[in-house]
Q: 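First the structure, which I've put down as structure tokens, then a few questions once you've had a look.
Note on naming: letters A, B, ... go to the chains in the order of the sequence lines (proteins, then strands), and numbering restarts at 1 for each one. Keep in mind that this is a model prediction, so the values were computed, not measured.
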Protein chains: 2
Amino acid sequence: MNEESPVGRPKKGRREAAREATEQAILEAAEKVFAEAGFGGATMQLIADLAGLPKANLHYYFATKESLYRAVVERIFRIWLHAADQMDEAAGPAEGIGAYIDAKMEISRRHPNGSKVWASEVMHGAPVIQDYLETTLRDWTAGRCAVIERWIAEGRMAPVDPRHLLYMLWATTQHYADFNHQIETLNGGRPLSAADWEAAKTNVKEVILRGIGALD
Amino acid sequence: MNEESPVGRPKKGRREAAREATEQAILEAAEKVFAEAGFGGATMQLIADLAGLPKANLHYYFATKESLYRAVVERIFRIWLHAADQMDEAAGPAEGIGAYIDAKMEISRRHPNGSKVWASEVMHGAPVIQDYLETTLRDWTAGRCAVIERWIAEGRMAPVDPRHLLYMLWATTQHYADFNHQIETLNGGRPLSAADWEAAKTNVKEVILRGIGALD
DNA sequence: CTCAAGCCTGACCATATGGTCAGAATTGGA
DNA sequence: TCCAATTCTGACCATATGGTCAGGCTTGAG
């Protein structure tokens with residue numbers, strides 16, 4: 001789409017690099033503000049302040065609040081999907097689903113804001129990513145359901161409804177991001193420690209893997 | 001708090017009855033609008049329209065947007081807690097936790113908007129119900145953890161961390177309310193049927209109860 | 001029936017917010 | 001160095017929204 005230097009690598013000039021850096025800073029700030037205030041509660045001014053640039057400059061990079069929001073949501077969606085690769089090359093349910101849980105828990109830990117924006121978007125009826133739900137996500141889901149059904153047919157796990165199993169996986173893992181405030185409050189007001197996170201992961205995996213008969 | 005007619009039943013006059021009816025209509029409308037648009041995205045005008053009265057009248061019943069929002073959140077919280085009673089009189093984990101799952105799934109089915117408002121509130125850092133989290137919810141949680149730990153000590157279920165088990169219960173059941181749009185989209189764009197809900201309940205119960213070793 | 005208390009409402013206001021724009025500052029290739 | 005393209009910015013605007021208020025309407029106790 002753009003001229004590049006003779007070398008294979010882009011080798012972006014100072015200008016392009018700065019642009020990308022600014023864009024990332026904006027996305028980062030926007031993700032946080034959208035997560036903490038919701039789309040309606042977020043203000044371009046707040047995002048601009050957090051990103052460290054004047055509001056008018058924000059509009060130079062993202063024409064409207066909605067386009068910025070869309071960029072944030074799409075960014076998260078990409079991370080979501082990428083994390084799901086874990087499940088593909090697995091030999092059986094214990095490794096496959098176990099790895100998927102690990103990956104999703106790690107995302108909840110590292111990108112709680114992204115998870116919250118996603119949750120908010122879906123809760124409000126997916127006004128901007130409805131098409132993704134109907135295409136990419138639907139296909140992805142069908143694919144995983146097929147894998148799970150194969151495992152069931154092979155007698156490697158109990159005959160549970162794959163659809164509802166996926167919902168359980170999403171729900172339990174994302175809960176640690178979306179409700180982290182509640183969890184921290186019940187944890188004495190302190191964030192989960194590394195050990196706490198390990199315990200959480202282990203518990204989720206144990207209960208679910210045993211629950212689908214993939215442990216014995 | 002108020003004078004009542006000689007009879008035991010309140011027998012509220014026309015006036016009082018109308019007031020309560022209006023109040024309920026407002027709360028119902030507000031719950032829906034807050035759920036669909038978030039606190040920041042919701043407008044008093046929208047709520048008024050949905051409740052079928054002029055905006056100024058809304059402010060006669062609820063002075064500010066925040067006080068109305070607070071009323072909605074507290075209403076949900078009460079339902080939440082009440083549903084948890086199921087778990088108390090149970091003889092063991094299978095019945096107790098099974099009944100709790102049933103109750104929470106039923107709430108997700110009947111009060112999806114309430115669940116969403118709650119989720120949104122917690123996601124945004126619980127600005128209005130932080131005190132509830134630190135008192136009522138913390139106490140409630142401690143009580144249930146004690147019950148679960150007793151069951152574990154008695155060898156009636158596997159030794160899982162009670163805290164994380166509760167999170168799993170909350171996450172899985174509330175997911176059907178908070179993410180119902182996503183679920184419906186993956187269900188071919190149609191709401192879950194009665195049979196679908198039964199299947200969901202059964203699946204959640206089976207996986208979790210088997211997962212905590214309370215089925216054999 | 002009377003009338004005070006309670007309920008309802010249209011019109012209005014102050015403010016906050018998303019977005020615009022003209023022009024200044026900077027950059028980097030020629 | 002020069003200059004066109006790109007990036008940045010303060011000032012500004014139109015609109016939407018939460019909230020107010022003076023006055024009209026309804027209710028029900030006496």
Q: Can you find an N or O donor on one side and an acceptor on the other, under 3.5 Å apart, linking the side chain of A:Lys65 with the base of C:dG19?
A: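 Counting by modelled atom types and ignoring angles, no donor-acceptor contact under 3.5 Å is found here.
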
Q: What do you reckon, is CZ of A:Arg110 surrounded by more than 12 foreign heavy atoms closer than 6.0 Å?
A: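 No - once you tally the heavy atoms of other residues, nucleotides and ligands closer than 6.0 Å, there are 12 at most.
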
Q: A:Asn57 CG to D:dA11 P: how many Å, rounded?
A: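 Rounding to the nearest Å, CG of A:Asn57 and P of D:dA11 are 16 Å apart.
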
Q: How long is the line joining CD of A:Glu16 and C1' of D:dA5, in whole Å?
A: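 To the nearest whole Å, that distance equals 15 Å.
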
Q: What's the NE2-P distance between A:His59 and D:dC12, to the nearest Å?
A: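 Atom NE2 in A:His59 sits about 18 Å away from atom P in D:dC12.
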
Q: Quick one: do B:Asp102 and B:Lys205 satisfy salt bridge (charged side-chain N to carboxylate O under 4.0 Å, His left out)? Show the steps, please.
A: CA-CA 8 Å; B:Asp102 279 335; B:Lys205 279 193 289 186; 3.0 Å; yes

Q: Please state how far atom CD1 in B:Ile26 lies from atom C1' in C:dC8, giving the value in whole angstrom units.
A: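 The distance from CD1 of B:Ile26 to C1' of C:dC8 comes to 12 Å, rounded to the nearest Å.
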
Q: Let me know the distance between CG of B:Leu68 and P of D:dT17, rounded to the nearest Å.
A: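 In whole Å, D:dT17 P lies 16 Å from B:Leu68 CG.
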
Q: Which nucleotide, C:dG19, D:dC21, D:dG10, lies nearest any side-chain atom of B:Ala56?
A: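 The nucleotide sitting nearest to the side chain is D:dC21.
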
Q: Just to confirm, is there a sub-4.0 Å distance from OP1 or OP2 of D:dC21 to any side-chain nitrogen or oxygen of B:Tyr60?
A: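 The answer is no; no side-chain N or O of B:Tyr60 sits under 4.0 Å from OP1 or OP2.
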
Q: Is it the case that more than 12 heavy atoms not belonging to A:Gln24 sit under 6.0 Å from its CD atom?
A: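 Check passes, neighbour count above 12.
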
Q: Using 4.0 Å as the upper bound for N to carboxylate O, is an ion pair formed by A:Glu31 and A:Lys116?
A: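 Salt bridge: no.
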
Q: For a quick test of reading the model: is some side-chain N or O of A:Tyr61 closer than 4.0 Å to OP1 or OP2 of D:dT7?
A: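 For A:Tyr61, the contact criterion (side-chain N or O under 4.0 Å from OP1 or OP2 of D:dT7) is not met.
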
Q: How close or far is atom P of C:dT17 from atom CD of A:Glu66, stated in whole angstroms?
A: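 Result: 19 Å.
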
Q: How close or far is atom C1' of D:dG19 from atom NZ of B:Lys55, stated in whole angstroms?
A: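 It works out to 7 Å between those atoms.
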
Q: So, is B:Arg19 near the phosphate of C:dG6, with a side-chain N or O under 4.0 Å from OP1 or OP2?
A: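 Answer no for this pair, as no side-chain N or O of B:Arg19 is under 4.0 Å from OP1 or OP2.
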
Q: Identify whether any heavy atom of A:Ala48 sits under 4.0 Å from a base atom; if not, whether one sits that close to sugar-phosphate; answer base, sugar-phosphate or nothing.
A: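 Nothing: the residue A:Ala48, judged by heavy atoms under 4.0 Å, touches no strand.
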
Q: Whole angstrom is fine here: how far is it from CG in B:Leu58 over to C1' in D:dT17?
A: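 Spelled out: CG on B:Leu58 to C1' on D:dT17 is 13 Å.
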
Q: Given D:dG10, C:dT9, D:dG19, identify the nucleotide with an atom nearest to the side chain of B:Leu53.
A: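 Closest of the options to the side chain of B:Leu53: C:dT9.
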
Q: With a 4.0 Å cut-off on N to O distance, would you call A:Glu28 and A:Lys32 a salt bridge?
A: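 Salt bridge absent between A:Glu28 and A:Lys32.
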
